[in-house]
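Values below: every heavy atom of this structure, side chains too, minus hydrogens, waters and symmetry copies. Starting from 1, each residue takes its place in the sequence as its number. In listed order, ligands and their atoms are each counted from 1.
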Amino acid sequence: MTTSLPAWQALRAHADTLRGTHMRDWFEGPRGPLRAERFTAEACGLTLDYAKNRITDETLALLFTLAGQARVAERRDAMFGGEPVNTTEHRAALHIALRAYPEDGYRALGVPVGADVATVLAQIERFANAVRSGAWTGFDGRAITDVVNIGIGGSDLGPRMVCRALSDAQTTGPRMHFVANVDGSDLARTLSGLDAATTLVIVCSKTFTTLETMANACTARDWFLQQGVTRAGLARHFVAVSTNRDAVAEFGIDPANMFPFWDWVGGRFSLWSAVGLSIAVAIGFERFRQLLDGARAMDLHFASAPPERNLPMILGLLDVWYRSFLGAGSRCVAPYCEPLELLPAFLQQLEMESNGKSVRLDGGALDAGSAAVVWGTTGTNGQHAYFQMMHQGSQLVPVDFIATLEPVSDLPGHHTKLLANCFAQGEALLRGRTADEVRAEGVRDEALVPHLVFEGNRPSNTLLLQRLDPYHLGALLALSEHRTFVQGALWQINSFDQWGVELGKKLAAPIQRELEGTAGAAAHDASTAALIRRAQAVRATAAG
Ligand code: F6P
């Protein structure tokens with residue numbers, strides 16, 4: 001059990017010794033000038049400055065010892081070896097194979113997967129080229145102008161985020177739209193501006209049974225028919241991404257227009273698979289391959305770099321340090337890069353669905369906090385909203401600042417201001433401002449002084465991408481996946497299942513029947529029963 005490991009115990013004691021210390025003193029001490037160099041690591045065009053963390057050399061040494069005692073490297077090797085690391089579902093978690101080359105020789109549960117991956121990539125390439133060139137047409141022979149990806153969770157967040165990040169003014173190809181919510185306003189708003197004859201729907205669902213996706217796909221199909229697309233013509237407007245061939249056929253999509261993937265690909269790790277079809281259509285297959293290449297480079301780094309230079313290892317250890325030893329309940333992700341605005345939402349699913357668990361691999365209770373709440377928005381916007389709390393609030397909130405060294409936009413002056421603010425926030429969180437400094441700045445009203453004091457000592461990482469392009473984004477996302485894996489390995493939980501989403505889904509079905517009036521009242525707690533009655537009353541009134 002992780003928490004009984006000697007290094008875990010030692011870290012607990014060590015955390016106590018750090019209380020009352022201030023990072024500012026470390027920077028101002030004799031070894032301060034070396035701190036940035038010591039606590040910086042680079043890989044795959046990414047630079048991680050983790051000097052502004054509440055860590056000393058001793059903390060790091062203890063964390064690396066913990067990684068050794070928790071056998072993180074062995075668990076990583078088991079994942080890379082295609083072993084059933086998803087123990088409750090007896091599946092491999094081999095998303096790394098999706099961005100590998102066939103000669104890398106990955107196997108899932110002993111079965112080689114390289115040839116299947118290459119076949120589907122070739123299928124994606126052909127299709128993306130055909131849609132983008134206009135060779136794939138709608139039912140009346142016109143080229144596709146709009147693509148709607150219907151999916152949710154892992155079948156939505158990754159592709160939506162990458163398309164947002166990498167689509168710029170130079171991007172040619174159809175307009176991309178994403179519909180996830182079963183709230184009909186999502187689909188209605190999207191379809192309202194579209195011409196059915198030039199619109200293509202990608203129904204994206206690993207299981208092809210997910211309520212939201214199937215409801216939206218059925219409604220979209222009706223809309224195409226109402227708009228004059230013929231039943232036979234629907235084949236030009238619907239393709240599927242799934243592992244469930246039978247369900248795809250039953251829905252009415254020709255399996256020839258289905259892009260398969262496999263049970264060893266978890267939903268939140270799937271954007272590299274056919275789930276990324278929308279990405280390939282949006283940015284072109286060549287750039288999609290560059291995204292995979294960046295991720296592959298990070299995979300190789302994770303697999304081979306020593307812990308002291310291993311980015312996923314360092315970040316995963318820091319996450320556990322803050323969550324389990326310093327009691328931080330959340331982590332803010334602040335991309336100072338507007339095209340990365342959807343990254344926090346993607347990371348929410350990645351980390352919280354993976355590691356939001358309280359049961360260890362062996363079935364015992366985890367007696368340490370797991371998955372922090374991941375949240376955030378782009379900088380500088382967040383500075384004018386919730387950064388107040390991070391500077392002067394009562395909670396410890398580690399921050400990940402993410403920025404690009406080269407500007408994304410060529411509007412003069414903007415990138416300089418953006419970077420200056422990014423760096424200034426990290427500096428302010430670290431150093432704070434003392435009462436004496438406030439007075440020295442000339443504040444005349446002594447009553448104001450306590451309000452102007454910043455405690456500082458608030459930790460952050462700064463992650464710099466050379467530039468925002470497919471390669472560096474791929475590396476960043478693979479880094480995030482492996483960081484999540486390291487967290488889970490340290491907590492000794494299964495990061496690859498998600499039983500916690502099942503109960504609510506199960507309870508929704510009978511409530512839906514009650515709301516529809518096709519079933520009588522089932523047994524509910526008083527609160528839920530009252531909510532159902534209230535909704536029924538409004539629906540009855542509306543029905544007249
Ligand atoms: O309900 C959670 C979940 O199972 C996620 O793990 C998954 O990414 C999402 O639903 C969508 O599932 P599917 O791709 O099977 O529609």
Do E481 and R268 meet the salt-bridge criterion of a basic N to acidic O distance under 4.0 Å?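 Looking at R268 and E481, the cut-off is not met.
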
Basic-acidic side-chain contact under 4.0 Å: D299, R99: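 Judged by the 4.0 Å cut-off on N to carboxylate O distance, D299 and R99 do form a salt bridge.
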
[X]: numbered ligand 1 atoms lying under 4.0 Å from its heavy atoms:
| X | answer |
| --- | --- |
| T210 | 12 (O), 13 (P), 15 (O), 16 (O) |
| Q498 | 6 (O) |
| V501 | 1 (O), 2 (C) |
| G154 | 7 (C), 8 (O) |

Suppose we measure from [atom] to each protein heavy atom; which comes out shortest, and what is that distance?
| atom | result |
| --- | --- |
| atom 4 (O) of ligand 1 | K505 NZ, 4.1 Å |
| atom 11 (C) of ligand 1 | I152 O, 3.2 Å |
| atom 6 (O) of ligand 1 | E353 OE1, 2.9 Å |
| atom 15 (O) of ligand 1 | T207 OG1, 2.6 Å |

Show your reasoning for whether side-chain hydrogen bond (donor to acceptor under 3.5 Å, both in side chains) applies to T377 and Y386. CA-CA 10 Å; T377 54; Y386 51 78; 2.7 Å; yes

Contact (N/O only, under 3.5 Å) between T213 and ligand 1: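 It does not: no N or O of T213 is found under 3.5 Å from an N or O of ligand 1.
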
Check against side-chain hydrogen bond (donor to acceptor under 3.5 Å, both in side chains), E351 and Q487: CA-CA 9 Å; E351 293 193 34; Q487 295 169 10; 3.1 Å; yes

Derivation and outcome, salt bridge (Lys or Arg N to Asp or Glu O under 4.0 Å), residues D293 and R289: CA-CA 6 Å; D293 286 345; R289 182 65 246 185; 3.0 Å; yes

Does the pair D469 and R287 meet the rule for a salt bridge (Lys or Arg N to Asp or Glu O under 4.0 Å), with working shown? CA-CA 9 Å; D469 61 11; R287 295 178 78 209; over 6 Å; no

Protein heavy-atom contact under 4.0 Å for atom 13 (P) of ligand 1?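 So far as the 4.0 Å threshold goes, atom 13 (P) of ligand 1 is in reach of a protein heavy atom.
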
Does ligand 1 have any atom sitting under 4.0 Å from a heavy atom of E502?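 Not so, E502 does not reach ligand 1.
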
Compute the minimum heavy-atom distance from E212 to ligand 1 and say whether it is under 4.0 Å.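 No, E212 has no heavy atoms under 4.0 Å from ligand 1.
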
Distance check, rounded to the nearest 0.5 Å: S324 atom OG versus L490 atom CG?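 Reported to 0.5 Å precision, the distance equals 8.5 Å.
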
Derivation of the salt bridge (Lys or Arg N to Asp or Glu O under 4.0 Å) call for D497 and R91: CA-CA 10 Å; D497 60 12; R91 290 176 182 167; over 6 Å; no

